[in-house]
Amino acid sequence: MTSHPEAAALLSRSRRLGSDPRNTNYAGGNASAKGTATDPVTGGDVELMWVKGSGGDLGTLTEDGLAVLRLDRLRALVDVYPGVEREDEMVAAFDYCLHGKGGAAPSIDTAMHALVDAPHVDHLHPDSGIALACAADGEKLTAECFADSVVWVPWRRPGFQLGLDIAAVKAAHPRAVGCILGGHGITAWGDTSEECERNSLHIIRTAEQFLAERGRAEPFGPLVEGYGALPEAERRARAAALAPYVRALASQDRPQVGHFDDADVVLDFLARAEHPRLAALGTSCPDHFLRTKVRPLVLDLPPAAPLQEAVARLKELHAAYREEYAAYYARHALPDSPALRGADPAIVLIPGVGMFSFGRDKQTARVAGEFYVNAVNVMRGAEAVSAYAPIEESEKFRIEYWALEEAKLRRMPRPKPLATRVALVTGGGSGIGKAIARRLVAEGACVVVADLDTDNAAAVAEELGGPDKAVAVTVDVTDEEQIAAAFRTAVLAFGGVDLVVNNAGISISKPLLETSVRDWDLQHDIMARGSFLVSREAARVMIAQGLGGDVVYIASKNAVFAGPNNIAYSATKADQAHQVRLLAAELGEHGIRVNGVNPDGVVRGSGIFAGGWGAQRAAVYGVPEEKLGEFYAGRTILKREVLPEHVASAVLALTGGDLTHTTGLHIPVDAGVAAAFLR
């Protein structure tokens, strides 16, 4: 429970404002409230400020996401402020203004909220407000739109001085309810939480109406012949074909996860004559270009261009992009600037197809794309009433390579072993496949849960965290088109595929004379043929990416052990085992490693055993089905039962980065069966 009514009102207001994308972008902006509480030390009154902390999101803000600070100490910072050249030093001082334990770290905007003489303050990044803020004559347009109720504040990098500037504006304009921050966003205030929210929404909606009424019809210019959107099915097929190549370009410096967006707003922008000029100007709002870099890479070919021509041109444009980005860094870097972080684009725009965005994980990639959509909306608004005029390149560099931003990056947790890797697991809806999918996500991977059972696959994907962590696909591994479609889904969801686990399987236990041709064909179709088809499609994607990769076969102890009454299953497992060796030899030149896991006796949680195989094997060995796990454990050297999680651990061992020089290996996960030792 929130302990103070002002903080409770702040949280409610923040969530309402942050839940509407017209008001602010994800994790953008902040809000605050001031009030009086009891000092637990003196028992007297103390003036406090509650403000959204660094890195939080207004739409999902909780009490833990608030920084709580003493106003007397915050206001006292004005007397020791060393000036704009040293304003970054003030951020560390905020820690000495905190009240009590816990809470979020204060953000760079804390001074704005503390120094503005109003009980409640909102700072937001609405597209409509930023459109005015980034218009060439934004100050004049602000006056036309709001008269004297909203005041223009020229661009200044976020920090203590901006807080002083806004405080001075409010003091000088007693009728004002807020301000437009040049090149940045809006700030509003009020005597109550309700009034502050009302003023924020007044600024946003009034700006929207102004742009709609005053704006020209086609701010991005006329449609360019041949650059219109392809039909949806054709568009997404083209995007899937391009995705591995685009991800390869975005991952030259470090591997990235991708996101694809073909929303109408993106497609219309790319179909218009002015998109090359506007894209080259880059984004403006600090939140935008911190996620998107200063400008995107834009393919300058129509969507009808042959695929290989488009790929070749993208490579040329990428080389030029890297060269220009390095020059941008060299133009503005100072001796104490952080090192260049990478010269690959975060946003790649393909006319007629859509937008690829990239980041260290799926959420970061998705949010980068959302921010570029915000930027497109800003460009549209600014061009509709004026001309889009973002902040100077040198100022963008000061934000992108700000020491405070660098410190924030260094505080990020160490990446997990499978961070940035995209996995596809067949038979991922239950048993061993589910355990593997769960372990891969836990270690940082994005996972495509592929299963014949749609409901099972969807349930596992949801359990693993939903579309930023896992997506489900329905696939029959005996069907070439369904496999190709599964990989298309994978590359559109996450940019590519790096790791494939051939786990889908079935087992029918019969002696030779009772094994039908159908029994034989069914098991070979699913396991031998199915893993061949999946591996072939995986190799196509991985070779196009040029990032290497892993293929892991979940084979079986039976691949090398001659067990009774098991001819069809054991033979197809032997086929899979040899595929491992053959593909390891063939795909090694592409950096693709192929290895296998040979489990045995995985009864608990196993889809195969639950589907009748358990009863069949129990009958063969003459034990009750419920005792089969104990029976298998008892015949092993270690006398331990094998669980799906143990198989998942073996997959991680093969793919987690410690066995980078290992390929063609089979790892037994059978608790020790001497007859199945690999020789």
Side-chain angles (χ1 to χ4, degrees), residues 232-248 250-251 255-260 262 307 311 350 353-354 356 358 362 365 418 420-429 433 436-437 440-441 445-454 457-458 460-461 467 469-504 526-527 529-554 579 583 586-587 590-594 655:
E232 183 177 5
E234 186 179 346
R235 183 169 73 240
R236 296 185 74 81
R238 177 73 164 198
L242 285 169
Y245 298 101
V246 177
R247 186 179 182 222
S251 300
Q256 300 284 290
V257 176
H259 175 74
F260 175 70
D262 59 351
L307 177 65
V311 170
I350 312 291
V353 177
F356 293 96
F358 296 92
K362 170 65 175 187
L418 297 179
T420 74
R421 304 204 76 194
V422 180
L424 185 146
V425 181
T426 66
I436 292 169
L440 296 180
V441 166
C446 299
V447 173
V448 179
V449 183
D451 202 282
L452 186 62
D453 189 313
T454 302
V460 171
K469 300 287 186 181
V471 298
V473 293
T474 304
V475 60
D476 176 350
V477 297
T478 69
D479 187 309
E480 289 184 70
E481 177 48 39
Q482 287 192 36
I483 291 169
F487 276 87
R488 287 195 294 270
T489 297
V491 300
L492 292 180
F494 300 119
V497 176
D498 308 294
L499 194 168
V500 166
V501 182
N502 278 309
N503 170 73
I526 292 172
M527 290 177 284
R529 182 175 186 269
S531 55
F532 151 69
L533 293 174
V534 170
S535 296
R536 186 179 66 179
E537 199 65 30
R540 286 172 176 158
V541 173
M542 292 177 186
I543 291 169
Q545 285 177 157
L547 301 174
D550 283 284
V551 179
V552 179
Y553 280 66
I554 306 303
Q579 285 186 37
L583 296 183
E586 181 175 341
L587 299 178
H590 302 290
I592 300 170
R593 302 180 313 117
V594 186
T655 61

Side chains of residues 492-501: which donor-acceptor partners sit under 3.5 Å, not counting sequence neighbours?
from : atom 1 : to   : atom 2 : distance (Å)
D498 : OD1    : R247 : NH1    : 2.9
D498 : OD2    : R247 : NH1    : 3.2
D498 : OD2    : R247 : NH2    : 2.9
D498 : OD2    : V422 : N      : 2.8

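- Of the residues listed (V551, L547, L587), the one engaging M542 in a side-chain contact (heavy atoms from CB on, under 4.5 Å) is V551, and it is the only one.
- D262 meets the salt bridge (charged side-chain N to carboxylate O under 4.0 Å, His left out) test with R235, R236; sequence neighbours excluded.
- A pairwise comparison of heavy atoms in A248 and Q545 identifies CB-O, 2.8 Å as the closest pair.
- Taking T478 as the reference, D476 meet the side chain to side chain donor-acceptor pair (under 3.5 Å) condition, with sequence neighbours excluded.
- The CD1 atom of I436 sits 9.5 Å away from atom OG1 of T655, with the distance rounded to the nearest 0.5 Å.
- A search for side chain to side chain donor-acceptor pair (under 3.5 Å) contacts involving T489 returns nothing, not counting sequence neighbours.
- Evaluation of the side-chain contact (heavy atoms from CB on, under 4.5 Å) rule for A365 yields H259 as partners, not counting sequence neighbours.
- Residues A437 and V449 come closest through the heavy atom pair CB-CG2, 4.5 Å.
- Partners of E232 by salt bridge (charged side-chain N to carboxylate O under 4.0 Å, His left out), not counting sequence neighbours: none found.
- Applying the side-chain contact (heavy atoms from CB on, under 4.5 Å) test to A243 and every residue at least two apart in sequence or in another chain returns F356, V491.
- Contact annotation: the side chain of F487 approaches that of V534 to within less than 4.5 Å [non-hydrogen atoms, C-beta and beyond].
- Considering all non-hydrogen atoms of both residues, A490 and L424 come closest at CB-CD1, 4.4 Å.
- Judged by distance alone, with hydrogens and angles left aside, the side-chain atoms of N503 form a donor-acceptor pair with the main-chain N or O of G427 at under 3.5 Å.
- Contact between A461 and A472 at its shortest, heavy atoms only, is CB-N, 3.9 Å.
- Looking at residues two or more places apart in sequence or on another chain, you find a side chain to side chain donor-acceptor pair (under 3.5 Å) between S535 and N502, Y553.
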Practice item. Take L242 and L307, measure what side-chain contact (heavy atoms from CB on, under 4.5 Å) needs, and give me the verdict at the end. Key: CA-CA 8 Å; L242 285 169; L307 177 65; 3.5 Å; yes
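- A distance-only check finds no donor-acceptor pair linking the side chain of T420 to the backbone of Q256 [under 3.5 Å].
- The side-chain contact (heavy atoms from CB on, under 4.5 Å) test with R421 singles out one residue from D550, L440, V257, and that residue is D550.
- With sequence neighbours excluded, no residue forms a salt bridge (charged side-chain N to carboxylate O under 4.0 Å, His left out) with R529.
- Under the side-chain contact (heavy atoms from CB on, under 4.5 Å) criterion, V441 pairs with V447, L464, K469, sequence neighbours left out.
- Applying the side-chain contact (heavy atoms from CB on, under 4.5 Å) rule to A484 yields the partners E481, R488, E537; only residues at least two apart in sequence or on another chain are considered.
- Smallest separation of non-hydrogen atoms from V475 and A450: CG1-CB, 3.4 Å.
- The minimum heavy-atom distance linking P244 with A240 is given by the pair CD-O, 3.3 Å.
- Evaluation of the salt bridge (charged side-chain N to carboxylate O under 4.0 Å, His left out) rule for E234 yields no partner, not counting sequence neighbours.
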